[in-house]
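Sharing a structure below in structure tokens format, with a few things to ask.
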Amino acid sequence: MTPHAWLLLGLYLFILLALVKPLGIYIANVMEGRSWALRVGGPIEAIIYRLGGVRKERTMGWLQYALALLLFNTLGVFAVYALQRLQLWLPLNPQQMANVGPDSAFNTAVSFVTNTNWQGYAGETTMGYLTQMLALTVQNFLSAATGIVVVIALIRGFARHTAQDIGNAWVDLTRVTLYVLLPLALIFAVFLVSQGAIQNFAPYQDVATLENATQTLAMGPVASQEAIKMIGTNGGGFFNANSAHPYENPTPLTNFFQMLSIFLIPGALCYTLGRMVGDTRQGWAVLAAMAIIFVVAAVAAIAFEQQGNPLFAAADVDQTASATQAGGNMEGKETRFGIADSGLFATLTTAASCGAVIAMHDSFTPLGGMVPLVMMQLGEVVFGGVGSGLYGMLVFAIMAVFIAGLMIGRTPEYLGKKIEAYEMKMTAIAILVTPLLVLGGTAIAVMTAAGQAGIFNPGPHGFSEVLYALTSAGNNNGSAFAGLSANTPFYNVMLAIAMWFGRLAVIMPVLAMAGSLAAKKRLVATAGTLPTHGPLFVTLLIGTVLLVGLLNYVPALALGPMVEHFMLWAGR
Amino acid sequence: MKTLIRPAITLFVLLSAITGLIYPLLVTGIGQALFPEQAAGSLIERDGKRVGSRLIGQNFTDPTYFWGRPSATGPYPNNAAASGGSNLGPLNPALKEAVESRVKALREADPGNTQPAPVDLVTASASGLDPHISPAAAEYQVARVARLRGLTSEAVQNLMDRHTEDRQWGIFGEPRVNVLELNLALDRLPSEQKP
């Protein structure tokens with residue numbers, strides 16, 4: 001860690017924490033239906049409800065809420081699939097991109113609807129502009145909205161007293177999209193254009209280079225998709241190189257704001273939680289647990305990458321950081337970002353379930369690359385995806401109070417609600433479903449010829465590629481050790497299954513829990529209640545997250561990055 | 001379930017239209033009105049012909065030009081219609097070979113130069129389109145370019161310094177040199193600066 005890297009990390013956290021409260025209050029007000037923004041957008045909202053036959057005062061129980069989201073997301077899968085399969089015959093496809101094959105289109109449809117944004121395809125050689133906009137940009141918004149409304153429903157479960165409902169899914173989806181995601185994306189997109197991100201519908205441009213070769217520049221409506229890709233923790237790039245591409249992320253300044261936008265809503269939702277349950281200390285406690293894990297991981301990733309690759313040193317290469325170069329392991333990294341930004345971004349994008357990249361994780365040092373793997377394996381709860389990060393963390397918080405309850409011999413309570421057998425069953429499902437998908441899927445892939453065929457790098461790194469792919473899909477992250485050739489029927493289908501169940505098999509128990517919690521009485525805290533806003537609980541929560549995550553994955557990590565680390569430094 | 005179908009379809013269609021058509025068109029309108037050059041790709045013209053983009057790196061193999069970051073794009077380097085990195089793992093023998101052959105190429109183009117090669121000059125960038133190199137990587141090439149162009153080292157060094165960008169706002173990113181802009185300036189350098 002250079003002094004510059006410390007300064008960057010400090011500034012990042014400072015600005016992020018300054019934004020959490022105002023945005024958190026705004027989101028709470030929007031979701032409780034009393035923000036000024038509702039007056040501005042009221043007419044548009046009214047039209048949507050009238051055409052859809054939505055009665056906004058008619059609220060839903062958890063099952064109806066869950067069915068509404070399931071239906072809405074299933075429609076999304078069909079639409080994204082159809083637009084890809086038909087794009088050659090649709091307008092706004094100046095490069096005449098062919099219709100996407102069925103397995104790839106299916107994978108991409110599930111991927112974008114589940115907020116994973118895993119990409120088996122390369123954007124600039126596969127997707128027409130209409131597909132990018134009407135299929136992919138749309139799901140960047142709607143999958144993010146889905147995640148946010150689920151956590152809002154869960155928060156209502158805690159906040160409400162003997163209630164039979166957890167809100168109206170249609171109203172929640174509409175409001176999150178119109179009042180939270182759209183304005184943020186619009187401002188951010190224009191800023192990106194000002195710095196050099198492109199936004200046009202021109203065909204690809206040919207230029208004659210100084211050495212008289214022809215260079216073809218891919219074009220497209222990039223900035224609009226880029227903005228929501230980051231704000232909605234989606235992460236699916238317009239181009240193959242994702243946020244490393246200068247047309248997506250042209251300057252260090254855009255990069256800083258891209259990094260901020262990844263954690264912006266996940267951080268703010270913690271404040272929304274505190275506000276809606278009437279005790280902002282509860283939100284800060286959850287945020288503190290997230291931030292502590294994140295900082296440790298970010299420092300590790302930057303330090304390991306700055307250390308460089310011993311094999312380069314043997315080839316007479318200068319990897320020392322100085323005033324004139326970033327040094328370190330620059331394979332798969334951009335000069336304008338260097339090591340500090342690349343390590344920080346890699347941690348952010350995997351701590352949150354964003355999955356955008358500014359550096360190729362496959363070329364990270366073994367331990368530098370293990371940091372993103374571990375961040376995903378913790379269950380995407382360190383800030384996590386918009387909404388999904390917080391509901392995942394609240395599941396762990398329930399687990400933590402349960403463990404504490406066992407230790408002190410009292411019925412566990414969290415945020416004024418008794419945690420009983422039903423909640424613990426749902427918690428167990430939500431926590432165990434992703435490790436099952438990840439480890440089971442990895443085992444299948446490494447044991448079958450179709451799975452082994454995709455491996456690019458030899459040795460333990462090849463195993464890491466497969467483990468990373470399943471980890472990324474099961475936890476809805478979307479980043480990759482991109483050497484893996486995953487655009488095959490085998491990986492397209494298997495990863496789609498992991499993404500779909502990694503998303504919905506967590507959302508369903510969370511909503512079930514929201515329903516059961518809402519129906520309970522709110523208890524007043526007494527001397528016998530375990531306080532859940534102090535350092536003791538923050539420590540307990542961090543411990544629970546690490547314990548579950550590490551117990552699940554240490555054996556697999558030992559076979560991949562750890563073995564590779566010892567081989568690299570032993571000079572094998 | 002039945003009561004959910006109409007709102008689901010209506011909301012999906014309307015929200016798709018808002019976020020997938022109106023929103024990107026609005027960004028296009030605002031972007032092209034306020035920042036037309038950026039929105040179109042920051043293209044550079046010379047003598048009325050488009051020679052590239054300020055943001056997209058080009059492939060330089062002629063030793064009289066500054067060379068940029070190695071690019072792993074296929075089928076040829078710096079293919080801006082197929083971006084991407086090498087994805088070579090740190091222990092992959094192919095990575096070691098690639099780095100060694102790049103060091104060798106630099107040495108052959110500049111036999112007198114015995115300094116270790118700056119790491120960014122011998123490793124592939126993430127996008128394959130990195131427009132920049134580090135100031136160290138530019139400095140490494142100053143003597144070679146000056147000699148082959150019949151210019152003084154001071155003149156080339158001055159030019160390089162003028163094209164060196166500091167961290168943005170003093171803190172964001174890394175110091176860097178835009179290779180295409182530097183090479184364009186090199187081509188414009190008047191002949192009186194020759195020794």
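Per chain, numbering begins at 1; letters A, B, ... match sequence-line order.
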Ala185(A) portion near chain B, given a 4.5 angstrom heavy-atom threshold: both
Quick one: which of His245(A), Met133(A), Glu331(A), His461(A) has the most heavy-atom pairs under 4.5 Å with chain B, could you say? Glu331(A)
Verify whether one side chain among Ser83(B) and Glu124(A) offers a donor that lies under 3.5 Å from an acceptor in the other.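 Yes, side-chain donor-acceptor contact under 3.5 Å.
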Using non-hydrogen atoms only, which part of Gln205(A) is less than 4.5 Å away from chain B: side chain, backbone, both, or neither?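 When you check distances to chain B, only side chain atoms of Gln205(A) fall under 4.5 Å.
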Counting only heavy atoms closer than 4.5 Å, note whether Gln58(B) contacts chain A via side chain, backbone, both or neither. both
Under a 3.5 Å threshold, yes or no: a donor from one side chain and an acceptor from the other, between Glu165(B) and Asn178(B)?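 The criterion, which ignores hydrogens and geometry beyond distance, is not satisfied for Asn178(B) and Glu165(B).
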Nearest 0.5 Å please: distance from the CD1 atom of Ile22(B) over to the CG atom of Leu182(A). 9.5 Å
Which one, Asp120(B), Ile56(B), Val103(B), leads in non-hydrogen pairs under 4.5 Å with chain A?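 Result: the option with the highest number of such pairs is Ile56(B).
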Most heavy-atom pairs under 4.5 angstrom with chain A, which of Leu14(B), Thr10(B), Ile9(B)? Thr10(B)
Non-hydrogen atoms of chain A under 4.5 Å away: do they reach the side chain of Arg69(B), the backbone, both or neither? side chain
Is chain A contacted by the side chain of Lys96(B), its backbone, both, or neither, given a heavy-atom distance below 4.5 Å? side chain
In terms of heavy-atom proximity below 4.5 Å to chain A, should Leu129(B) be classed as side chain, backbone, both, or neither?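 Contact with chain A is through both the backbone and side chain of Leu129(B).
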Side chain from CB out, backbone as N, CA, C, O: work out which of these in Ala197(A) comes under 4.5 Å of a heavy atom of chain B, or both, or neither. backbone
Tell me, side chain or backbone of Arg50(A) under 4.5 Å from chain B's heavy atoms, or both, or neither?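 Only the backbone of Arg50(A) comes within 4.5 Å of chain B.
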Taking every heavy atom of Ala126(B) against every heavy atom of Ala359(A), the minimum-distance pair comes out as CB-CA, 3.9 Å
From CA spacing to verdict: ring pair (Phe, Tyr, Trp, His ring centres under 6.0 Å), Phe188(A), Phe257(A): CA-CA 8 Å; Phe188(A) 192 36; Phe257(A) 282 98; 7.1 Å; no
Ranked by heavy-atom pairs below 4.5 Å to chain A, first place among Ala98(B), Ser42(B), Pro175(B), Ala124(B) goes to Ala124(B)
Is Pro93(B) close to chain A through its backbone or its side chain, or both, or neither, when contacts mean heavy atoms under 4.5 Å? side chain
Per-residue contact mode, Asn78(B) against chain A (heavy atom under 4.5 angstrom): both
Does Arg144(B) make a cation-pi contact with Trp67(B), if we ask for NZ or CZ under 6.0 Å from the ring centre and within 45° of the axis?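 Pair Arg144(B)/Trp67(B) counts as cation-pi.
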Side chain, backbone, both or neither: which part of Ala202(A) has a non-hydrogen atom closer than 4.5 Å to chain B?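 Contact with chain B involves no heavy atom of Ala202(A) at all.
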With chain B, the option among Ala218(A), Ala208(A), Gly369(A) that has the most non-hydrogen atom pairs under 4.5 Å is Ala208(A)
Judged by modelled atom types alone, do Thr216(A) and Asp206(A) share a side-chain donor-acceptor pair under 3.5 Å? yes
Given the options Val122(B), Thr61(B), Asp187(B), which has more heavy-atom pairs under 4.5 Å with chain A than any of the others? Thr61(B)
Which residue out of Pro458(A), Ala122(A), Gly459(A) racks up the most heavy-atom pairs below 4.5 Å with chain B?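 The candidate making the most pairs under 4.5 Å is Pro458(A).
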Give, as side chain, backbone, both or neither, the part of Leu142(A) having an atom under 4.5 angstrom from any heavy atom of chain B. side chain
Give the minimum heavy-atom separation between Ala241(A) and Ser127(B), together with the two atoms involved. CB-CA, 3.6 Å
Tell me whether Lys104(B) is salt-bridged to Asp316(A), with the criterion being a basic N under 4.0 Å from an acidic carboxylate O. no
Heavy-atom contact with chain B under 4.5 Å, split by part of Phe364(A):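 Only the backbone of Phe364(A) comes within 4.5 Å of chain B.
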Is it possible for you to check whether Arg149(B) lies under 6.0 Å from the centre of the six-membered ring of Tyr65(B), through NZ or CZ, and within 45° of that ring's axis?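 Verdict for Tyr65(B): a cation-pi partner in Arg149(B).
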Would you say the side-chain atoms of Ser224(A) and Gln199(A) include a donor-acceptor pair closer than 3.5 Å?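 Side chains of Ser224(A) and Gln199(A): pair found under 3.5 Å.
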What part of Thr365(A) gets closer than 4.5 Å to chain B, counting heavy atoms only: side chain, backbone, both or neither?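 Answer is backbone: N, CA, C or O of Thr365(A) sit under 4.5 Å from chain B.
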Met219(A) versus chain B, the contacting section by heavy-atom distance below 4.5 Å: side chain
Please identify, among Asn200(A), Thr137(A), Leu173(A), Val54(A), the residue contributing the most non-hydrogen atom pairs under 4.5 Å to chain B. Asn200(A)
Under 4.5 Å from any heavy atom of chain B, what part of Gln95(A) do you find: side chain, backbone, both or neither?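 Neither; nothing under 4.5 Å.
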Checking Thr320(A) against Ser322(A): is there a side-chain donor and acceptor pair closer than 3.5 Å? no
Interchain contact, Val51(B) with chain A, by part (heavy-atom threshold 4.5 Å): both
Do you know the tightest heavy-atom contact between Gln325(A) and Pro118(B)?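 Answer, listing the atom of Gln325(A) first, then Pro118(B): OE1-CB, 3.4 Å.
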Using heavy-atom distances under 4.5 Å, tell me whether Tyr140(B) contacts chain A through its side chain, its backbone, both, or neither. neither
Heavy-atom distances under 4.5 Å only: say whether Ala326(A) touches chain B with side chain, backbone, both or neither.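 Answer is both: backbone and side chain atoms of Ala326(A) are under 4.5 Å from chain B.
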Could you walk me through whether Arg336(A) and Glu334(A) pass the salt bridge (charged side-chain N to carboxylate O under 4.0 Å, His left out) check? CA-CA 6 Å; Arg336(A) 65 192 179 285; Glu334(A) 297 281 292; 2.7 Å; yes
Candidate list Ser71(B), Pro77(B), Pro70(B), test side chain to side chain contact (heavy atoms under 4.5 Å, CB included), partner Asn59(B), passing option: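 Option passing the side chain to side chain contact (heavy atoms under 4.5 Å, CB included) with Asn59(B): Pro77(B).
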Pick from Trp170(A), Tyr204(A), Phe312(A), Phe239(A) with the largest number of heavy-atom pairs that fall under 4.5 Å of chain B: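 Max contact count across the listed options: Trp170(A).
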Under 4.5 Å from a heavy atom of chain B, the part of Phe256(A) involved: side chain
For Leu69(A), is it the side chain, the backbone, both, or neither that has a heavy atom closer than 4.5 Å to a heavy atom of chain B?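 Neither part.
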Is it the case that the side chains of Ser243(A) and Glu226(A) hold a donor-acceptor pair, with the cut-off being a distance below 3.5 Å and no angle test?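 Their side chains do contain a donor-acceptor pair, which is all the 3.5 Å distance test asks for.
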Name the region of Leu11(A), side chain, backbone, both or neither, that has any atom closer than 4.5 Å to a heavy atom of chain B. side chain
Using non-hydrogen atoms and a 4.5 Å limit, figure out which bit of Leu88(B) sits close to chain A: side chain, backbone, both or neither.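 For Leu88(B), heavy atoms of backbone and side chain both lie under 4.5 Å from chain A.
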Looking only at non-hydrogen atoms, find the nearest pair between Thr335(A) and Glu174(B) and report the distance.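 So the minimum-distance heavy-atom pair works out to O-CB, 3.5 Å.
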Please rank Arg46(B), Glu100(B), Arg167(B) by heavy-atom pairs under 4.5 Å with chain A and give me the top one. Arg167(B)
Do you know which of Val119(B), Leu184(B), Val177(B) has the most heavy-atom pairs with chain A at a distance under 4.5 angstrom?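 The answer is Val119(B).
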Can you give me the closest heavy-atom contact between Gln38(B) and Gln195(A), atom names plus distance? CG-C, 4.5 Å
Output the option from Ile358(A), Leu186(A), Asn255(A), Leu253(A) having the highest count of non-hydrogen pairs under 4.5 Å with chain B. Leu253(A)
Criterion ring pair (Phe, Tyr, Trp, His ring centres under 6.0 Å) on Phe141(A) and Tyr23(B), from CA distance to verdict: CA-CA 11 Å; Phe141(A) 278 97; Tyr23(B) 159 73; 5.1 Å; yes
If you apply the rule side-chain hydrogen bond (donor to acceptor under 3.5 Å, both in side chains), what do you find for Gln157(B) with Asp161(B), and how did you get there? CA-CA 6 Å; Gln157(B) 180 75 43; Asp161(B) 289 344; 3.2 Å; yes
